[in-house]
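Presented below is the structure to which this report refers.
Chain identifiers are assigned alphabetically (A, B, ...) following the order of the sequence lines, protein sequences preceding nucleic acid strands; residue numbering begins at 1 within each chain.
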Amino acid sequence: MKLKSHLNNVIQDAFLKAGIEHAPLSVSEATKPEFGDYQFNGAMALSKKLGKNPREIAQNIIDHLDLTGILAKAEIAGPGFINLWLNPLWIATQCHTALSDKRLGVSTRENPIKVVVDYSGPNMAKQMHVGHLRSTIIGDTLANLLTFLGDEVIRQNHIGDWGTQFGMLIAYLEMKDEDGSVSLKDLEQFYKDAKGEFDANADFADKAREYVVKIQSGDAHCLTLWQKFIDISLGHCEEVYEKLGVNLTREDVRAESFYNEELPKVIESLAEKGTLQESNGAQCVFLEGDEIPVIVQKGDGGYLYATTDLAALRYRAQVLGAKRISYVVDARQAGHFKQVFRVAKEAGFVPEDVKLEHIGFGTMMDKSGKPFKTRDGGTVKLIDLLDEAVIKARETINNKEDYSPEQIETLAKIIGIGAVKYADLSINRESNYIFNWDKMLSFEGNTSLYMQYGYARIQSIFRKFDANVSGEIIIGDALEHRLATMLLRFEDILERAAIDASPNQITNYLYDLVTLFMRFYEQNPMLKEGVDEQTKMSRLQLADLTAKTIKQGLDILGIQVVDKL
RNA sequence: GCGCUUGUGGCUCAAUUGGAUAGAGCAUCAGACUUCGGAUCUGAGGGUUAGAGGUUCGAGUCCUCUCAGGCGUACCA
């Protein structure tokens, strides 16, 4: 239900009838219940243009407003606000329709586009650490969201599988263990050991350097070893994705090395366009207004990540045909992407109409506000963090005696992983955020557990009711009115979140929805004595739609629900 | 130095992108029918939105300056 769009049409219609010529202006949600459901503030904005006082304009609009369909009432307030009340009958009908729809009334795009979402991007030389968490879950949510709305989403996992450190790693792999599966169990340690050997053993260091050259020149033996190393390392990542419930597969992997043979061509193309300049031995693109150039080829002939990113941009725009390319990468790389995007457009690698965006995010901090580290200052492995989340979740539910150990385990995973993801997704993407176990695993406040509790509570009602729900939805009081309206806002919220790539708009909505439902639940009994049949059926349907909306919303965030907590 | 970015109750975060009296949750205090799941709900106190100017009908939001923090600043990714 594109609620706002419907309301805007009504307003626009009134514009026409009132003889106001102006580009469409949008309604917004009312800031308070006393001010109705929606408000239109355009009269004030029009005041200067039309040379009339805003209240007069507002009155003119109201006089021509259709109050027979969506709207029930409109009032002028303050300097020229128009407060709008939705028609309860209309709301009820829409909720009823949404309930019978698998997509809860959310339409699919009329004009879907191809969108590349680049996220996660772990380095194969090391185990995934907390630094990859945000990219992985924000990116996955964005991909889920756009898929749900109907876009053709192409997930791209730009893994780091190339570079000098791989010479060292595969040389060590060969020396240490033919099979590889044993010694790679702990990649972090493997890396440290290899580095240790590199520093201590001159022969080994030579061999490592030799291997770098060999891989890059396509030596079959070295490439086989390298491939083996990547396979195992990627396997570790997939274990993490599995635990996280993230929808990334091998098919989504387009590694750095995938673009290798494109790199010289990128340089060539830039040279042809005449944008390339040599500076201190390196090949650079100087952008107007930027002091620092984009270096695309080092003095020694090697390529840099800007080169790879340019190749990837060209591939995504020209081969994959993407119209929107979103990079979910740490905010600190804003400068890099700004430059690379400009170069890509100016060089014609990416057509003008393709939207390039860097979806930046802040750093994860500990309780004291410092970057998240282990006690001894090392990076926290993602897998350890997730395991700890499950353990902590288990502690919060260990007083449940009617569950089997298996059920507890399943529940702990859903709660623990959900908490980690929700905590991250529920804060503004661009700011740093404080990682706090106690807060994220709480039943209170804006947490996944509170949403899951709300959902389970509704399921409990239906377990008890255990019959078919039928009949109409009747908006009986102000709370039902608000709840029903909130439910109809779902699509608008998703749409907004998709445009801004900001999952926290979804979590904010879900939190408001669940809070509202809890109040409704306290005040509007369904199965208690003395509730007439019609009211019962109506309220049950509102509860049902609430539960389905929570479930769908969390599903987009990659978080599961359970019928019983 | 230059550039980007952040600053909102004691703490953690919102604020529909310029709208009405800046909202939640923790924490504190006070309440709720022998509970459709009390893992809940209701209420109270707590704010000069870092500071100073400006733009306009209207500013937490936009502009300028100041203060304080974070990050980035050519051959790592």
Closest to side chain of A:Ile434, choosing from B:C76, B:U12, B:G37: B:U12
Side-chain ion pair, A:Asp199 and A:Lys195, N-O less than 4.0 Å: yes
Ion pair A:Arg316/A:Asp118, N-O distance below 4.0 Å: yes
Closest to side chain of A:Ser460, choosing from B:C36, B:C57, B:G37: B:G37
Sugar-phosphate, base or nothing in reach of A:Asn41, heavy atoms under 4.0 Å: base
N/O (side chain, A:Tyr521) to phosphate O (OP1/OP2, B:G37) under 4.0 Å: yes
Complement of B:U55, any strand, by Watson-Crick or G-U distances under 3.5 angstrom: none
Separation between CD1 of A:Ile57 and CD1 of A:Ile20, rounded to the nearest 0.5 Å: 6.5 Å
Complementary nucleotide of B:A32, counting Watson-Crick and G-U pairs under 3.5 Å: B:U40
A:Ile62 side, atom CD1; A:Ile11 side, atom CD1 - distance, nearest 0.5 Å: 8.5 Å
Sugar-phosphate, base or nothing in reach of A:Lys528, heavy atoms under 4.0 Å: base
Ring-on-base stacking B:A24 with A:Tyr511 (under 5.5 Å, under 30°): no
Touch class at under 4.0 angstrom, heavy-atom based, for A:Lys32 against every strand present: base
Nucleotide of B:U40, B:A20, B:C36 approaching A:Met518 most closely (side-chain heavy atoms): B:U40
Residue met sooner reading RNA chain B from 5', once A:Gly281 and A:Lys4 are mapped to nucleotides: A:Lys4
A:Ser28 side chain near B:U16 phosphate (N/O to OP1/OP2, under 4.0 Å): no
Parallel, tilted or perpendicular: rings of A:Phe341 and A:Tyr327 (30°, 60°): tilted
G-U wobble or Watson-Crick pairing nucleotide for B:U73 (cut-off 3.5 Å, both distances): B:G1
N/O (side chain, A:Arg519) to phosphate O (OP1/OP2, B:U42) under 4.0 Å: yes
Spacing of the P atoms in B:C62 and B:A14 (rounded, Å): 15 Å
Distance-only donor-acceptor check, side chains A:Tyr259 and A:Asp309, under 3.5 Å: no
All side chain to side chain donor-acceptor pair (under 3.5 Å) counterparts of A:Ser26, not counting sequence neighbours: A:Asn8
Sugar-phosphate, base or nothing in reach of A:Ala334, heavy atoms under 4.0 Å: nothing
P gap between B:G10 and B:C4, integer Å: 32 Å
Aromatic ring pairing A:Phe520/A:Phe517, orientation class (parallel under 30°, perpendicular over 60°, tilted between): tilted
Any strand: nucleotide that pairs with B:G18 via Watson-Crick or wobble, under 3.5 Å: none
B:U61 versus B:G43 - spacing of their C1' atoms, nearest Å: 31 Å
Touch class at under 4.0 angstrom, heavy-atom based, for A:Ser279 against every strand present: base
B:U21 and B:U49, which share atom name C1', separated by this distance in whole Å: 15 Å
Base paired to B:C26 (Watson-Crick or G-U; both N/O distances under 3.5 angstrom): B:G10
Reading 5' to 3' through nucleotides 67-72 of chain B, protein heavy-atom contacts under 4.0 Å coded B for base, S for sugar-phosphate only, - for none: ----S-
Any donor-acceptor N/O pair under 3.5 Å between B:A77 base and A:Asp309 side chain: no
Distance between C1' atoms of B:A59 and B:A52 (Å, rounded): 15 Å
A:Gln39 side chain, from C-beta outward: closest of B:A77, B:U40, B:G19: B:G19
Sugar-phosphate only, base, or nothing, as touched by A:Ile493 at under 4.0 Å among non-hydrogen atoms: nothing
Side chain of A:Gln505 (C-beta onward), nearest among B:U17, B:G19, B:A20: B:U17
Same-atom distance (C1') from B:G60 to B:U6, integer angstrom: 13 Å
Of the listed nucleotides B:C13, B:A77, B:C36, the one nearest the side chain of A:Tyr305: B:A77
Of the listed nucleotides B:A77, B:G23, B:C36, the one nearest the side chain of A:Leu304: B:A77
Using a 3.5 Å cut-off and no angle test, enumerate the donor-acceptor pairs between side-chain atoms of residues 449-456 of chain A and protein atoms at least two apart in sequence or in another chain.
{"unit_1": "A:Gln452", "atom_1": "NE2", "unit_2": "A:Gln560", "atom_2": "O", "d": "2.9"}
{"unit_1": "A:Tyr453", "atom_1": "OH", "unit_2": "A:Arg457", "atom_2": "NE", "d": "3.3"}

Whole-Å C1' distance, B:A15 and B:U8: 10 Å
Along RNA chain B (nearest heavy atom to each residue), the more 5'-positioned of A:Leu449 and A:Thr31: A:Thr31
Sugar-phosphate only, base, or nothing, as touched by A:Tyr433 at under 4.0 Å among non-hydrogen atoms: sugar-phosphate
A:Tyr211 and A:Phe166, any side-chain heavy atoms less than 4.5 Å apart: no
Side-chain N,O (A:Lys439) to OP1/OP2 (B:G25) below 4.0 Å: no
Minimum-distance nucleotide (side-chain atoms of A:Glu444 versus B:U21, B:G37, B:C26): B:C26
Residue A:Asn83, side-chain heavy atoms: nucleotide from B:A20, B:U17, B:A14 that is nearest: B:A20
Distance test, side-chain N/O of A:Tyr38 to OP1/OP2 of B:G19, below 4.0 Å: no
Sugar-phosphate, base or nothing in reach of A:Asp512, heavy atoms under 4.0 Å: nothing
